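None of these values were measured; they are calculated from a predicted model. Order of the sequence lines fixes the chain letters, A, B, ..., with proteins taken first and strands second; residue numbering starts at 1 for each chain. When reading the values below, keep in mind they use all heavy atoms of this one structure, side chains included, and skip hydrogens, waters and symmetry mates.
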Amino acid sequence: MAESTAAPTSDFIRQRIDSDNQTGRFGGRVHTRFPPEPNGFLHIGHAKSVVLNFSIAADYDGMCNLRFDDTNPTKEESRYVESIIEDIRWLGFDWQDRLFFASSYFDQLHDYAVQLIQAGKAYVDSLSEQEIREYRGTAIDRQSPVETVPGKDSPFRNRGVRENLDLFRRMKEGEFAEGEHVLRARIDMAHPNLNMRDPVMYRIIRKPHHRTGDKWCIYPMYDFTHGLCDSIEGITHSLCTLEFENHRPLYDWYLDELAVYHPQQIEFARLNLTYTVLSKRRLLELVQKGLVSGWDDPRMPTIRGMRRRGYTAAAIRDFCQRIGVAKADSRVDIALLEHCVRNDLNKHSPRVMGVLNPLKVVIDNYPEGQVEYLSAINNPEDPAAGTREIPFSREIYIERDDFREDPPRKFFRLAPGREVRLRYAYMVTCTGVVKDQQGQVTELHCRYDPLTRGGNAPDGRRVRGTLHWVSAPHACDAELRLFDRLFSSENPDKAGKGASWLDNLNPDSLQVLRTCKVEPGLRGRPAGYRCQFERIGYFCVDPDSTRQRPVFNRTVALRDTWARISRRR
RNA sequence: UGGGGUGUAGACAAGUGGUAAGUCACCGGUCUUUGGAACCGGCAUUCGUAGGUUCGAAUCCUACCACCCCAGCCA
């Protein structure tokens, strides 16, 4: 997995690990983990964390666990654990036999809770949900200035150990309804950090769990669970995102009160990308409102969506290495992601020819009924990829954009009287233009130079333009789906007054071309097959394909200097 | 008016008292049977702002400013 071209610069996390290794804090051990909640599909933001955790483990000759933090049965499903496992494997990572679940530790966690009760550090509270919120006090306000008010103690805060133990046992045994009681840590209701104002440790949820079934009706809260699971697994460095920084004192409190092994949590900034959204809630909304075709819509920043679109795991890994790790809130330009796929695909994708918007060309002086097979290079970046034979005949299709009746300056393609090269074939000169009643060009007539077979002229004359083409009688019909950024705004979350983030959706993010013509060799390629249509972009066969009519997703367009020149004028 | 964080180019991001790496983007050029790729060159006299310490400050000190996170029985 050492395909990254990014310079192996250090980051603040590795520096802290280095220093821990120097002081021998963890005996030189490095053990990380990727801890998803199985309540949704993985996206590129998760990939950043996956790559970080697994590659740090690899760099330090350590290990990385996969652990599902499944503490809330109302939101979690086993289909999500399956899809997450599949996506991480596809990304190229392996956790050997270290697949764990927080739910496997429920007994241990319950024992820890009992210990805290016995030590007078936890109590059963019987306030209502609403009351607990009110008693917690406030920190700041979000919109209008409101005074900071400290929390106040629950009237149940001083219940005796014996009563707490009994109540907690009865909670566990199902004697109470949801919401009747919770178990809380006994810390400090006036603490400036809200997370320390007697946080809930256990709540009653009468719902079967995807792994433990109906064994439990009380479930531990994430804050109580997470740090202790890391402790149980012997994790040395618990890497997580910035929003959990406020929670670290609480994790530390549990660990210290219980006097158990203490991992070091280190927080880093989550990934933001331009022109897309990266929150489970928003992605879910796109799916539920039918604004995309599903979690694997090729426009989605999900791993499944990107995979269907044709992204390679290597490109995603490379991207994750290049963006670095830091604590500053930032938004990475999606152009960097696109650069990473192009970079990988350029080296590995076979070249083929395909015409998006076909314009028929008749080569008047080419013998009728004749067919020649011409040799084409499969990948100029990789000689080992060899060559293939493609059919050429009197009637071909070229790209409509490659002809201009009245060519602008610097337009090197076909125009009346102009000569261009047909890639790997012949040089042709445009001799006639056929139009319909609306004046729309329907067909071109050309003459070819038989001496230029393969594309070179014996007299040494040169042409500026080389066009891709497909032999008309041999062409394979295809559908091409072109994707553009899902949102037209760099930061879709930032909507104007009275507008919603959905108003920033790009109405033209999907363009379907149904009348494309591609090389006959492309018939019957399996879904997932990747290739480059020369001069157009990188494509990937979609599962919607049929044998006779393949469907291609455009992964990313080629850099297009001409588009830039013509846009500028 | 609390607590926790973060400010280095258009975007990421190194830099840890000795004179601003690298990458993407962008702009020139070379080469080219993909207007692709490759290659060469340009792109921060200055590091949120203002003071201070020092022979020397992005790095140390002080004050200020801006932005992000926190009031789930979510994770």
Nearest-Å distance once atom [atom1] is located in both [N] and [M]:
{"N": "B:A63", "M": "B:C73", "atom1": "C1'", "answer": "44 Å"}
{"N": "B:G42", "M": "B:G22", "atom1": "P", "answer": "10 Å"}
{"N": "B:G10", "M": "B:C26", "atom1": "P", "answer": "15 Å"}
{"N": "B:A25", "M": "B:U32", "atom1": "P", "answer": "24 Å"}
{"N": "B:C43", "M": "B:U34", "atom1": "P", "answer": "31 Å"}
{"N": "B:G17", "M": "B:C12", "atom1": "C1'", "answer": "27 Å"}
{"N": "B:A11", "M": "B:A38", "atom1": "C1'", "answer": "25 Å"}

Aromatic ring proximity [X]/[Y], centre distance under 6.0 Å:
{"X": "A:Y373", "Y": "A:F392", "value": "no"}
{"X": "A:F533", "Y": "A:F539", "value": "yes"}
{"X": "A:Y80", "Y": "A:H210", "value": "no"}
{"X": "A:Y254", "Y": "A:F224", "value": "yes"}

Touch check for [X], heavy atoms < 4.0 angstrom, all strands: base, sugar-phosphate only, or nothing?
{"X": "A:Y202", "result": "nothing"}
{"X": "A:H247", "result": "base"}
{"X": "A:N246", "result": "base"}

Expected rows: protein N/O vs nucleotides 35-42 of chain B N/O, under 3.5 Å:
from	atom 1	to	atom 2	distance (Å)
B:G35	OP1	A:R535	NE	3.4
B:G35	OP1	A:R535	NH1	2.8
B:G35	O3'	A:T561	OG1	3.4
B:G35	O2'	A:T561	N	3.2
B:G35	N7	A:R413	NH1	2.6
B:G35	O6	A:F412	N	2.9
B:G35	N1	A:K410	O	2.7
B:G35	N2	A:K410	O	3.3
B:G36	OP1	A:T561	OG1	2.6
B:G36	N2	A:R351	NH2	3.3
B:G36	N2	A:E381	OE2	2.9
B:A37	OP2	A:R559	NH1	2.9
B:A37	O2'	A:N346	ND2	3.0
B:A37	O2'	A:E381	OE1	3.3
B:A37	O2'	A:E381	OE2	3.1

Please check the phosphate of B:U16 (OP1 and OP2 only) for any side-chain N or O of A:R16 closer than 4.0 Å.
-> no
Does A:R564 make a side-chain N or O approach to OP1 or OP2 of B:C27 shorter than 4.0 Å?
-> yes
Selection from [options] that lies nearest to any side-chain heavy atom of [X]:
{"X": "A:A328", "options": "B:A13, B:G15, B:A75", "result": "B:A13"}
{"X": "A:R133", "options": "B:G72, B:G2, B:G15", "result": "B:G72"}
{"X": "A:S10", "options": "B:C24, B:U6, B:A14", "result": "B:A14"}
{"X": "A:S330", "options": "B:C12, B:C24, B:G3", "result": "B:C12"}

Test side-chain contact (heavy atoms from CB on, under 4.5 Å) applied to A:S231 - qualifying residues, sequence neighbours left out = A:L255, A:V260, A:Y261, A:P263
Record whether the side chain of A:N193 comes under 3.5 Å of the base of B:G4 through a donor-acceptor pair of N or O atoms.
-> no
Under-3.5 Å donor-acceptor pair between A:N72 side chain and B:C74 base | no
Whenever both distances are under 3.5 Å in a Watson-Crick or G-U wobble pair, mark it; put RNA chain B into dot-bracket that way, with [ ] for crossing pairs and | when the partner is on another strand.
-> .(((((((.[[[..)..(...]]].(((((.......))))).....[[[[[..)....]]]]])))))).....
Anti versus syn assignment for B:G72, with syn defined as within 90° of 0 = syn
